[in-house]
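Letters go in sequence order (proteins before strands), and every chain restarts at 1. What you see below is based on every heavy atom in this structure, not just the backbone, and it leaves out hydrogens, waters and symmetry mates.
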Number of protein chains: 2
Amino acid sequence: MPQNPPPRRRDSQATRAALLKAAGELFAERGYDRTTVRDIAARAGANQALLFRYFGTKEDLFNAVVAHRGMDLLHAGPAEQLPHRILELFLADAPEGSDHPILAMLRSAVVGKESMELRKEMGRAYVRSLAELAEGPEAELRAELVLAWLVGIGFCRSVLGSDNLRAAPADRVEAEVRRGISALLDLDAPVTPS
Amino acid sequence: MPQNPPPRRRDSQATRAALLKAAGELFAERGYDRTTVRDIAARAGANQALLFRYFGTKEDLFNAVVAHRGMDLLHAGPAEQLPHRILELFLADAPEGSDHPILAMLRSAVVGKESMELRKEMGRAYVRSLAELAEGPEAELRAELVLAWLVGIGFCRSVLGSDNLRAAPADRVEAEVRRGISALLDLDAPVTPS
DNA sequence: GTGGAAAGTAAGCGACTGCTTACATCTTTG
DNA sequence: CAAAGATGTAAGCAGTCGCTTACTTTCCAC
């Protein structure tokens, strides 16, 4: 079996990863505009110039962050649990997953053409997955409304700091949301709580 | 009847209003961080320094914009039509109302303590109004979920640029949303479309 | 008219931004 | 070992930002 090479003192892959991680955290905490390349490099323990050598541009780095982990949640389980996974991310008290690119996107209105396309692509992927749960000719529209709801919950809680959403237990919120989603997706299913 | 005073050449009130209007438009279009005090002054046809003389700080100006017109929608009609009014604002194709501070807030994650408090205050007012439509002990939580939904729709459509939400006719979207809201608010009312 | 406050202006300060350059140091390979 | 590429670093450039200052112009009460 191929022996692992001795640990490199200089490890471009490791610094690349560190930059990617630091960028993900900071973008999610502060949004794109309020995050500085100097901050990212400092948190990653790397030199500023390397950020540009490896990623080209601040916006390219943002796109790399989004592309790298943006589809995590989508493919982390079956489609019917996707709303649950999204809510779990948004309603978590602990900072686990607080660096998720979805949160970064909620806080960042990046304007570049490429970022815009990447963002729309991600949205389409999520909608396509959610649409599997819906029936009828307007399945995609309904799926998009579900996604909008989840996004709105994340935005109100994380960015606006809504009190009720922070105080209520996560499963209580989820039960309510499930009622609404059922009413939206299953056209004639009975609306039963929990 | 009191004759209007002859049009003043130098009108501090008028320039104040012009600055407020230009700021509202630009904040709503680009968000807080991507809006420059130079841009605001230019669009208002006023000098930069006046902005600081009249409003003190860029963030103070933002707060003034929000406080000035933030409660418009809330008090523009009865509470039971509030969801309709919000959706009307978010789903409008024309740029009418595109300078509304609600849109500005969706695009701006202003960090200052005062802005945060103002934003939360507005959120509470809207939730209080929506909670009148709900029943049961969890009325406020449900109201907040309704608000989150509307906010999410505005965010996905205006900031993320979701395709389905842009393509679908406004009344179609509204009918779907009304179904979900009914399921959320009226605990045992039958779920009837439109 | 005239003095003085109000309204408007031009210029620039200092700090910060994204990004580049020129250079030092390590690691691998022939 | 030596050349060469990969990796890391320090310094700074050019532009922009929010905000201030020193000044001129207009307006109104007397």
Detail all sub-3.5 Å separations between protein N/O atoms and N/O atoms belonging to nucleotides 1-5 of chain C.
none

Distances for protein N/O vs nucleotides 2-6 of chain D N/O pairs under 3.5 angstrom?
none

Can you tabulate the close N/O pairs, meaning under 3.5 Å, that link protein atoms to atoms of nucleotides 11-17 of chain C?
from	atom 1	to	atom 2	distance (Å)
dT17(C)	OP1	Thr36(A)	OG1	2.9

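Distance CD (Gln13(B)) to P (dG8(C)): 11 Å, rounded to an integer number of Å. Between Arg53(B) atom CZ and dT21(D) atom C1' the separation is 11 Å, expressed in whole Å. Protein atom CD of Glu59(A) is 9 Å distant from nucleotide atom P of dC19(C), rounded to whole Å.
Dense packing is recorded around CD of Glu80(A), with more than 12 heavy atoms of other residues, nucleotides or ligands lying under 6.0 Å away.
When the salt bridge (Lys or Arg N to Asp or Glu O under 4.0 Å) test is applied to Glu59(B), no partner is found at least two apart in sequence or on another chain. Under the salt bridge (Lys or Arg N to Asp or Glu O under 4.0 Å) criterion, Arg69(A) pairs with Asp72(A), Asp99(A), sequence neighbours left out. Arg16(B) is linked by a salt bridge (Lys or Arg N to Asp or Glu O under 4.0 Å) to nothing, counting only residues two or more places apart in sequence or in another chain. Qualifying side chain to side chain donor-acceptor pair (under 3.5 Å) partners for Arg119(A), counting only residues two or more places apart in sequence or in other chains: none. The salt bridge (Lys or Arg N to Asp or Glu O under 4.0 Å) test applied to Arg124(A) returns Glu117(A), Glu121(A), Asp163(B), not counting sequence neighbours. Phe90(A) is linked by a ring pair (Phe, Tyr, Trp, His ring centres under 6.0 Å) to nothing, counting only residues two or more places apart in sequence or in another chain. With sequence neighbours excluded, no residue forms a ring pair (Phe, Tyr, Trp, His ring centres under 6.0 Å) with Tyr126(B).
For the pair Pro83(B) and Val177(B), the minimum side-chain heavy-atom distance is 4.5 Å or more.
Near DNA chain D, defined here as any heavy-atom distance below 4.0 Å, there are no residues from residues 105-115 of chain A. In the region residues 19-31 of chain B, proximity to DNA chain D at under 4.0 angstrom, judged on heavy atoms, holds for none of the residues.
Ring geometry for Phe27(B) versus Phe62(B): interplanar angle over 60°, hence perpendicular rather than tilted (30 to 60°).
Contact annotation: Tyr54(A) side-chain N/O to dC19(C) OP1/OP2 distance is not under 4.0 Å. For the OP1/OP2 pair of dC19(C) and a distance below 4.0 Å, the side-chain nitrogens and oxygens of Thr57(A) include at least one atom meeting the criterion.
Between Asp39(B) and Arg30(B), at least one side-chain nitrogen of the basic residue sits less than 4.0 Å from a carboxylate oxygen of the acidic one, meeting the salt-bridge criterion. Ion pair Arg43(B)/Glu29(B) flagged as a salt bridge, since at least one NZ, NE, NH1 or NH2 atom sits closer than 4.0 Å to an Asp/Glu carboxylate oxygen.
Not a single donor-acceptor pair under 3.5 Å links the side chain of Lys58(A) to the backbone N or O of Phe52(A).
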